[in-house]
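Report on one structure; see the data block that follows.
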Amino acid sequence: MQGRYARMSDMNLFADFEKRIKTTLEGLELIKAQETPVDLARVTVEPPRDQSHGDVATNAAMVLSKPLGTNPRALAEIIAEALRGDADVSEVSVAGPGFINIRLSTGYWQQLLSAMVSEGLNYGRSKVGAGHKANVEYVSANPTGPMHVGHCRGAVVGDALANLMDFAGYDVTKEYYINDAGSQIDVLARSVFLRYREALGETIGEIPSGLYPGDYLIPVGEALAAEYGPRLHAMPEEEWLPIVKEKSIEMMMALIRDDLAALNVHHDVFYSERTLHANGAQRIRQAINDLTFKGHVYRGTLPPPKGQLPEDWEDREQTLFRSTEVGDDIDRPLIKSDGSYTYFAADVAYFKDKFDRGYDEMIYVLGADHGGYVKRLEAVARAVSDGKAKLTVLLCQLVKLFREGEPVKMSKRSGNFVTLRDVVDEVGRDAVRFMMLYRKSSEPLDFDFAKVTEQSKDNPVFYVQYAHARCASVFRQAKDAFPDLDLATVDLASAAAEISDPNELQLVAKLAEYPRIVEAAAIAQEPHRLAFYLYDLASSFHSHWNKGKENPELRFVNDKNRQLSIARLGLVHAVACVLKSGLAITGTAAPEEMR
RNA sequence: GGUCCCAUAGCUCAGCAGGAUAGAGCGCAGGAUUCCUAAUCCUGAGGCCGAUGGUUCGAAUCCAUCUGGGAUCACCA
């Protein structure tokens, strides 16, 4: 058995057969006879659209017919004949315009299942990302208050993408950029100072407009009062401001980390924008010098904005990044007319820092409202890394909240917005996480509080978790049926090789898609594909379970047939592992029971 | 006005490094079941993949233009 598994060059069935087919092609006389080497890059091996066609399909004949100067059907017949020599192939046929459909032997499926069981939770891991260092930056909410529901989607998508890429072999860092350097931090500090005075017993009345009114700043004021007493009050602003800033940022970040933890989001690196500004903005100066050295920086003026001219528009000379030469629509200011650095300048320095830390793939997960920022970030990547680093921006479209079909209204002004914590507390982190992934991120998402907590098959979160719980339930039943069976020591991997019912082999085929889905989703940076796959797998499992209602022979546990039951436990275990591993990537729990 | 995202069944959406008869859920129409392995199950009808051109043996998928929806435009962060 080990020997058989060793022959499978890859746990990814399709990758395995791609290699086999390409090897077969290279061995064909017709191909060896060509003077110029034949390019096999466009040959793909995929699951056929319709299962009745077979288990594996390849377009080889259609892609190669032109360079070989033959017609696709005839070529397909030649290739098909060669593939029939593979012991794991039970049937090869040619269909349509020249597709080659391959049906695999029962033995192959059995060995594959056996290997899946052996791999357990590692089944599906890939090496496609090996050798790549990826930095996934997400959330990066301003440290001026608790996280708002609008941050949820980016947080979940970024986190799941990072998990997914890790599973696909990338060396991944989850990073959070703390915007702790801008003028909004001054506003924060002044708002907190008011709360500090309040904590000292002063009556502050209504919070002036332009300051943050939220109650969450009260504890910061109290902490300052407890720590400094009235001393801050006696200081001039330039003295108390840094102290209050420091404390405010620290406490706001603690708040945000708590919010993130509630969502099961954990970053590896929290990178402070202030470190770029430290020591006379050393990092930023270096980054700009670097760009200047490469000829990307000049002093000049920008053309006025197109369309409606702002009333306060005036022509000013600034230090500009010639981003138009690296794909941007307009050159971008690095230094303001008053000599201070723009936010964008810090971003250049931040990107350079990431590049210098050795990342070759930077991913920015942003809200759709930052769409206008994408081109300049890409320009930065090209200029700073000389095109060596890949930068991708994932734009998440907005989430609309509903309650029983009615849109939830939010007013930011009153400080009375829906927080991330409100949502997590009400529906649970699993529902939030899974539902945020159950849509392509470039598509707007409707989130209904009632629907996502519904305990029915109409709710994908419940449906997938329920499938996992059912798997656990099978094991509990097995224990009842065979009290002497020691599940800890029984060799499920070997036992699973006896599965032969076509319905069950279909389930194995569904499991066989997992590695392919992982790779495709990681490469496309689309974690939602995994969520859809899990739903699909759960659906196959439930459907098979339902067949057991009609036909007790198909039930997993049959107390009259111990050996068959154990073999089926192997299958159920494989299903449970894939569900659990996939759910873990989405950041959702895989419960043992649903009560 | 420029840029980006989107348009697929009645509804909500998958499908996209081009492939065969375009899928799922809900809803709808029929049928089964009161059983229990755990929150019913099975079957069916729904389509000019926004429009028009182009690339190709082959396009929902790639390119261009257009239409209709959303986002964005700054010495803000």
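A, B, ... follow the sequence lines: proteins, then strands. Residue 1 opens every chain. Excluded from the calculations below are hydrogen atoms, water molecules and symmetry mates; all remaining heavy atoms, backbone and side chain alike, are included.
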(request) Rounded to the nearest angstrom, tell me the gap between atom CG in Leu537(A) and atom C1' in A24(B). (result) 15 Å

(request) Take atom CG of Leu445(A) and atom P of A14(B), then tell me their distance rounded to the nearest Å. (result) 9 Å

(request) Can you tell me, in whole Å, how much space there is between the C1' of A59(B) and that of U43(B)? (result) 33 Å

(message) Any strand counts, and the cut-off is 3.5 Å on both contacts for Watson-Crick or G-U wobble. Which nucleotide pairs with C26(B)?
(response) G10(B)

(request) Take atom NE2 of His370(A) and atom P of U3(B), then tell me their distance rounded to the nearest Å. (result) 21 Å

(message) Partner lookup for U3(B), please. Criteria are Watson-Crick or G-U wobble with both distances under 3.5 angstrom; report none if nothing qualifies.
(response) A71(B)

(message) Taking the ring of Tyr438(A) and the ring of Phe532(A), is the distance between their centroids below 6.0 Å?
(response) yes

(message) Partner lookup for G58(B), please. Criteria are Watson-Crick or G-U wobble with both distances under 3.5 angstrom; report none if nothing qualifies.
(response) none

(request) Determine the Euclidean distance between corresponding C1' atoms of C42(B) and C48(B); express it in Å to zero decimal places. (result) 32 Å

(request) Mind telling me if G46(B) is syn or anti? Syn here is a glycosidic angle within 90° of 0. (result) syn

(message) Please classify the glycosidic conformation of A17(B) as syn (within 90° of 0) or anti (everything else).
(response) syn

(request) Could you check how far CD of Glu46(A) sits from C1' of A20(B), rounded to whole Å? (result) 12 Å

(message) Going by side-chain contact (heavy atoms from CB on, under 4.5 Å), Tyr364(A) matches just one of Val374(A), Leu395(A), Leu394(A), Leu377(A). Which one?
(response) Leu377(A)

(request) Sticking with atom C1', work out how far U52(B) lies from G46(B), rounded to a whole angstrom. (result) 27 Å

(request) May I ask which nucleotide in the shown strands pairs with U52(B), Watson-Crick or G-U wobble, both distances under 3.5 Å? (result) A64(B)

(request) Give none if A45(B) has no partner; otherwise give the nucleotide forming a Watson-Crick or G-U wobble pair with it, both distances under 3.5 Å. (result) none

(message) Taking the C1' atom in each of A74(B) and U8(B), what is the distance between them to the nearest angstrom?
(response) 38 Å

(request) Hunt down the Watson-Crick or G-U wobble partner of A20(B), both distances under 3.5 Å, from any strand shown, or write none. (result) none

(request) Tell whether Asn101(A) reaches the base of A20(B) with its side chain through a donor-acceptor pair below 3.5 angstrom. (result) yes

(message) Of the listed nucleotides (C42(B), G15(B), C13(B)), which one gets closest to any side-chain atom of Arg439(A)?
(response) C13(B)

(message) Evaluate Phe434(A) against Tyr535(A) for ring pair (Phe, Tyr, Trp, His ring centres under 6.0 Å), listing each step before the verdict.
(response) CA-CA 11 Å; Phe434(A) 199 85; Tyr535(A) 181 86; 8.3 Å; no

(message) Using a heavy-atom cut-off of 4.0 Å across all strands, would you classify Ala57(A) as base, sugar-phosphate, or nothing?
(response) base

(request) Using a heavy-atom cut-off of under 4.0 Å over every strand shown, decide if Gly371(A) touches base, sugar-phosphate, or nothing. (result) nothing

(message) Nearest heavy atom decides the nucleotide; on that basis, is Asn142(A) or His53(A) closer to the 5' end of RNA chain B?
(response) His53(A)

(message) What contact category does Gln455(A) fall into here, base, sugar-phosphate, or nothing, at under 4.0 angstrom with non-hydrogen atoms?
(response) base

(message) Let's see if you can work this out: which of A22(B), A77(B), G15(B) has an atom nearest to the side-chain heavy atoms of Arg49(A)?
(response) A22(B)

(request) Could you grab the distance from atom CG of Asp501(A) to atom NE2 of His544(A), nearest 0.5 Å is fine? (result) 5.5 Å

(message) Can you measure Leu395(A) atom CG to C6(B) atom C1' for me and round it to whole angstrom units?
(response) 12 Å

(message) What residues from residues 333-340 of chain A pass a heavy-atom cutoff of under 4.0 Å to RNA chain B?
(response) Pro333(A), Lys336(A), Ser337(A)

(message) So that I can tick it off, tell me whether Glu246(A) and Arg274(A) are bridged by a salt bridge, with the cut-off set at under 4.0 angstrom between side-chain N and carboxylate O.
(response) yes

(request) Indicate, with a heavy-atom threshold strictly under 4.0 Å, whether Ala95(A) touches base, sugar-phosphate, or nothing. (result) base

(request) Please confirm whether Arg403(A) makes a cation-pi placement over Phe449(A), using NZ or CZ under 6.0 Å from the six-membered ring centre and within 45° of the ring normal. (result) yes

(request) Any chance you could list the contact pattern along nucleotides 25-37 of chain B? Use B for base contacts, S for sugar-phosphate-only contacts and - for none, protein heavy atoms under 4.0 Å, 5' to 3'. (result) SS----------B

(message) For Lys510(A), is there an ion pair with Glu513(A) - N to carboxylate O distance below 4.0 angstrom?
(response) yes

(request) For nucleotides C16(B) and C63(B), find the distance between their P atoms and express it as a whole number of Å. (result) 15 Å

(request) Count the heavy atoms of every other residue, nucleotide or ligand shown that sit under 6.0 Å from NZ of Lys127(A), and state whether that count exceeds 12. (result) no

(message) Measure CG/Asn459(A) against P/U12(B) and give the value in whole Å, please.
(response) 19 Å

(message) Check for me whether Arg332(A) meets the cation-pi criterion with Phe344(A), that is, NZ or CZ under 6.0 Å from the six-membered ring centre and within 45 degrees of the ring axis.
(response) no

(message) Taking A7(B) as the reference, what is the distance to A14(B) when you measure between their P atoms (whole Å, please)?
(response) 8 Å

(request) Round to a whole Å and report the spacing from NZ of Lys440(A) to C1' of C16(B). (result) 8 Å

(message) Which is more 5' along RNA chain B, the nucleotide nearest Arg332(A) or the one nearest Tyr373(A)? Just name the residue.
(response) Arg332(A)

(request) Select base, sugar-phosphate, or nothing to describe what Arg73(A) touches, counting heavy atoms under 4.0 Å on all strands. (result) nothing

(request) Write down the distance between CZ (Phe532(A)) and C1' (G15(B)), rounded to a whole number of angstrom. (result) 10 Å

(request) Inspect the contact between Lys245(A) and Asp186(A) and indicate whether a charged nitrogen and a carboxylate oxygen are less than 4.0 angstrom apart. (result) yes

(message) Quick one: does any side-chain atom of Tyr343(A) pair with a main-chain N or O of Ala181(A) as donor and acceptor, under 3.5 Å?
(response) no

(message) Can you check the distance between A60(B) and G15(B), where both ends of the measurement are the C1' atom (answer in whole Å)?
(response) 9 Å

(message) If I pick the P atom on C62(B) and the same atom on A20(B), what distance separates them, to the nearest angstrom?
(response) 15 Å

(request) Could you go through the side-chain hydrogen bond (donor to acceptor under 3.5 Å, both in side chains) check for Gln184(A) and Asn179(A) one step at a time? (result) CA-CA 9 Å; Gln184(A) 87 279 9; Asn179(A) 293 133; 5.6 Å; no

